*Asks:* 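Supplied in structure tokens, the structure appears directly below.
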Amino acid sequence: MTTADTTTAPVPTQSTYQNRVADYWNAEENPVNVELGKIDDLYHHHYGIGEADWSVLDEPDPARRRTRITAELHRLEQAQADLLAGHLGPLAPTDRVFDAGCGRGGGSVVAHLRYGCHADGVTISRKQADFANEQARKRSISDKVRYHHRNMLDTGFRTGAYAASWNNESTMYVELDLLFAEHARLLRRGGRYVTVTGCYNDTYGRASREVSLINSHYICDIHPRSAYFRAMAANRLVPVHVQDLTDATIPYWELRKQAEHLVTGIEDTFLTAYRNGSFQYLLIVADRV
Ligand code: GPP
Ligand code: MG
């Protein structure tokens with residue numbers, strides 16, 4: 001296969017903080033991620049959007065109820081992945097895309113299945129990179145979809161080699177100026193950058209109690225909405241589409257809250273944060289100029 005990789009030495013983590021984040025993901029086995037992914041071997045680490053089929057809650061048989069709720073949450077997460085992937089294109093099978101903070105790899109597979117493109121996913125978790133590469137091997141797509149134990153701030157990949165790139169709920173682990181500098185370096189002129197993210201709402205003031213609880217839960221540092229546009233403007237990324245997905249993600253959290261077999265304990269915090277106006281679920285699409 002062609003490669004956009006120019007270095008021999010991987011650059012996994014750069015700080016004690018990043019080591020702790022890697023520890024989290026190396027240990028993570030939440031049923032809400034693993035059980036959903038098993039359905040069709042698309043493993044996501046992001047939330048869902050769209051109206052839910054609430055009839056799954058009325059299912060009388062307990063085992064079937066659990067199965068149907070799991071499938072419905074996966075459908076909503078898949079809808080989020082499809083929305084993001086749809087903004088990456090048009091892309092040709094010869095094009096290359098970069099998945100920054102790829103987790104167990106679902107997003108790169110979604111992009112590859114949609115466009116036939118090459119994909120490079122990057123994660124600081126060795127376990128996630130190995131898992132994702134094994135999934136690609138099982139699908140017989142490892143010639144085009146590859147996962148790397150690397151740092152999204154310093155990938156070592158070739159300058160200008162990418163037609164599109166994204167962060168799906170992974171920007172809150174890094175400094176945005178460093179992140180967007182790397183995306184801008186990797187993207188060719190006219191390339192497309194997409195992110196779906198949770199950000200705190202500048203109009204609320206500062207980070208709310210709920211936003212702080214979410215930070216603590218995942219060991220992350222949620223940025224204010226304004227920080228995205230400032231850092232993009234400083235790094236040749238010009239927004240072309242911004243969509244507030246806050247209302248669209250609430251059904252996912254309402255359903256997840258009632259999934260006793262999948263809850264992690266953070267569900268009410270997300271619902272309160274969205275409803276008190278301190279937190280937003282945002283899609284930003286930008287062109288690399
Ligand atoms: C979901 O991952 C995303 C994050 C952990 C980053 C934080 C996102 C924000 C929008 C603040 P996951 O799917 O592994 O989480 P969970 O285990 O809760 O489903
Ligand atoms: Mg999840």
Side-chain angles (χ1 to χ4, degrees), residues 7 9-26 28 45-46 84 97-103 107 120-126 128-129 148-162 164-187 191-202 204-208 210-239 242 273 278-289:
T7 65
V11 190
T13 55
Q14 300 173 334
S15 60
T16 307
Y17 168 74
Q18 290 184 357
N19 285 330
R20 296 291 81 79
V21 172
D23 290 345
Y24 174 98
W25 293 108
N26 283 329
E28 188 275 331
H45 284 281
H46 54 74
L84 189 157
V97 299
F98 166 50
D99 179 357
C102 62
D120 287 303
V122 163
T123 168
I124 56 171
S125 160
R126 164 61 74 192
Q128 286 186 331
H148 310 259
H149 182 216
R150 297 252 173 145
N151 195 306
M152 66 170 108
L153 302 180
D154 187 6
T155 60
F157 298 153
R158 205 171 68 236
T159 298
Y162 292 83
S165 66
W166 71 91
N167 287 91
N168 199 344
E169 298 184 19
S170 50
T171 51
M172 57 288 296
Y173 291 98
V174 293
E175 289 173 55
L176 292 182
D177 270 312
L178 299 178
L179 175 69
F180 293 150
E182 183 66 347
H183 280 285
R185 184 184 73 77
L186 293 174
L187 286 169
R192 180 50 67 78
Y193 172 74
V194 183
T195 186
V196 175
T197 190
C199 58
Y200 80 75
N201 190 353
D202 299 83
Y204 185 89
R206 301 286 289 181
S208 65
E210 292 72 30
V211 167
S212 300
L213 288 168
I214 295 168
N215 280 338
S216 162
H217 182 84
Y218 293 109
I219 330 176
C220 66
D221 186 11
I222 291 165
H223 305 288
R225 174 159 43 104
S226 57
Y228 285 88
F229 301 97
R230 201 174 293 129
M232 283 184 184
N235 287 286
R236 305 193 67 85
L237 295 170
V238 179
V242 179
S278 67
F279 189 50
Q280 293 174 298
Y281 198 47
L282 211 65
L283 167 85
I284 307 172
V285 182
D287 289 325
R288 161 70 164 94
V289 298

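Each residue takes its place number in the sequence, starting with 1. Keep in mind the model is a prediction, meaning the values are calculated, not measured. Reckoned from all heavy atoms, side chains included, excluding hydrogens, waters and symmetry mates.
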*Asks:* So which heavy atom on L84 is nearest to which on W166, and how close?
*Replies:*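 Heavy atoms of L84 and W166 come nearest at CD2-CG, 3.7 Å.
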*Asks:* Provide the closest heavy-atom pair for A22 versus I124 in the form atom of the first, atom of the second, distance.
*Replies:*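 Heavy-atom minimum between the residues: CB-O, 3.6 Å.
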*Asks:* Taking it one step at a time, do T155 and R185 satisfy side-chain contact (heavy atoms from CB on, under 4.5 Å)?
*Replies:* CA-CA 10 Å; T155 60; R185 184 184 73 77; 3.5 Å; yes
*Asks:* Walk me through whether F279 and Y204 qualify under side-chain contact (heavy atoms from CB on, under 4.5 Å).
*Replies:* CA-CA 8 Å; F279 189 50; Y204 185 89; over 6 Å; no
*Asks:* Sequence neighbours left out, what passes salt bridge (charged side-chain N to carboxylate O under 4.0 Å, His left out) with D177? Give chain and number order.
*Replies:*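 Salt bridge (charged side-chain N to carboxylate O under 4.0 Å, His left out) list for D177, sorted by chain: empty.
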*Asks:* Are the side chain of R206 and the backbone N or O of Y200 linked by a donor-acceptor pair below 3.5 Å?
*Replies:*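 No.
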*Asks:* Who pairs with Q18 by side-chain hydrogen bond (donor to acceptor under 3.5 Å, both in side chains), at least two apart in sequence or on another chain?
*Replies:*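 Listed in chain order: N151.
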*Asks:* What residues form a side-chain hydrogen bond (donor to acceptor under 3.5 Å, both in side chains) with T195, not counting sequence neighbours?
*Replies:*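 If we apply the side-chain hydrogen bond (donor to acceptor under 3.5 Å, both in side chains) test to T195, skipping adjacent residues, there are no hits.
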*Asks:* Might you point out which heavy atoms bring A100 and N167 nearest each other, and give the distance in Å?
*Replies:*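 Shortest heavy-atom separation between A100 and N167 comes out as O-ND2, 3.1 Å.
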*Asks:* Using ring-ring contact (aromatic ring centres under 6.0 Å, His included) as the criterion, list what pairs up with Y281, not counting sequence neighbours.
*Replies:*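 Here no residue qualifies.
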*Asks:* Begin from the C-alpha positions of F229 and V242 and carry the test side-chain contact (heavy atoms from CB on, under 4.5 Å) through to its verdict.
*Replies:* CA-CA 10 Å; F229 301 97; V242 179; 3.8 Å; yes
*Asks:* Quick check: closest heavy atoms across A184 and R288, and the distance to 0.1 Å?
*Replies:*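 Between these two residues, the closest heavy atoms are O-NE, 2.6 Å.
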*Asks:* Can you list everything that forms a salt bridge (charged side-chain N to carboxylate O under 4.0 Å, His left out) with R192? Sequence neighbours excluded, please.
*Replies:*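 Once residues adjacent in sequence are excluded, the partners of R192 under the salt bridge (charged side-chain N to carboxylate O under 4.0 Å, His left out) criterion are D287.
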*Asks:* The criterion is side-chain hydrogen bond (donor to acceptor under 3.5 Å, both in side chains); which residues satisfy it with D221, sequence neighbours excluded?
*Replies:*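 So D221 forms no side-chain hydrogen bond (donor to acceptor under 3.5 Å, both in side chains) with any residue.
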*Asks:* Would you say that T123 contacts W25 through its side chain, given a criterion of any heavy-atom pair below 4.5 Å between the two side chains?
*Replies:*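 T123 vs W25: side chains apart.
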*Asks:* Output the distance between atom OH (Y193) and atom CG (L179), rounded to the nearest 0.5 Å.
*Replies:*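 It comes to 5.0 Å.
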*Asks:* Is the side chain of T197 donor-acceptor paired with the backbone N or O of C199 at a distance under 3.5 Å, no angle test?
*Replies:*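 Between the backbone of C199 and the side chain of T197 there is no qualifying donor-acceptor contact (under 3.5 Å).
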*Asks:* Between CG of L153 and OG of S15, what distance do you get to the nearest 0.5 Å?
*Replies:*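 It is 9.0 Å, given to the nearest 0.5 Å.
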*Asks:* Under a 4.5 Å cut-off applied to non-hydrogen side-chain atoms, are D120 and R150 in contact?
*Replies:*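 The answer is no, as the side chains (C-beta and beyond) never meet within the 4.5 Å cut-off.
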*Asks:* Nearest 0.5 Å please: distance from the CZ atom of F98 over to the NE2 atom of H148.
*Replies:*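 One finds 9.0 Å between CZ of F98 and NE2 of H148.
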*Asks:* Which heavy atom of E210 sits nearest to which heavy atom of S278, and what is that distance?
*Replies:*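 Looking at all heavy atoms of both residues, the closest pair is OE1-OG, 4.4 Å.
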*Asks:* Measure across Y162 and F157 and return the closest heavy-atom pair with its distance rounded to 0.1 Å.
*Replies:*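 So the minimum-distance heavy-atom pair works out to OH-CD1, 3.2 Å.
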*Asks:* Quick check against the 3.5 Å criterion: does E182 have a side-chain atom that pairs as donor or acceptor with the backbone of M152?
*Replies:*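 No: the side chain of E182 does not pair with the backbone of M152.
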*Asks:* What pairs with A181 under side chain to side chain contact (heavy atoms under 4.5 Å, CB included), at least two apart in sequence or on another chain?
*Replies:*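 Scan of A181 (side chain to side chain contact (heavy atoms under 4.5 Å, CB included), adjacent residues dropped) gives N235.
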*Asks:* Partners of D23 by salt bridge (charged side-chain N to carboxylate O under 4.0 Å, His left out), sequence neighbours excluded?
*Replies:*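 Per chain and number, D23 pairs via salt bridge (charged side-chain N to carboxylate O under 4.0 Å, His left out) with R20.
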*Asks:* Donor-acceptor pairs under 3.5 Å, side chain of residues 212-220 to any protein atom, not counting sequence neighbours: which ones?
*Replies:*
from, atom 1, to, atom 2, distance (Å)
S212, OG, S208, O, 3.1
N215, OD1, I222, N, 2.8
Y218, OH, Y47, OH, 2.8

*Asks:* How would you list, by chain and number, every residue that makes a ring-ring contact (aromatic ring centres under 6.0 Å, His included) with Y228, sequence neighbours excluded?
*Replies:*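 Scan of Y228 (ring-ring contact (aromatic ring centres under 6.0 Å, His included), adjacent residues dropped) gives H223.
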*Asks:* How would you list, by chain and number, every residue that makes a salt bridge (charged side-chain N to carboxylate O under 4.0 Å, His left out) with R225, sequence neighbours excluded?
*Replies:*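 Here no residue qualifies.
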*Asks:* For H45, check side-chain hydrogen bond (donor to acceptor under 3.5 Å, both in side chains) against everything at least two apart and list the hits.
*Replies:*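 In terms of side-chain hydrogen bond (donor to acceptor under 3.5 Å, both in side chains), with neighbours along the sequence ignored, H45 is linked to R104.
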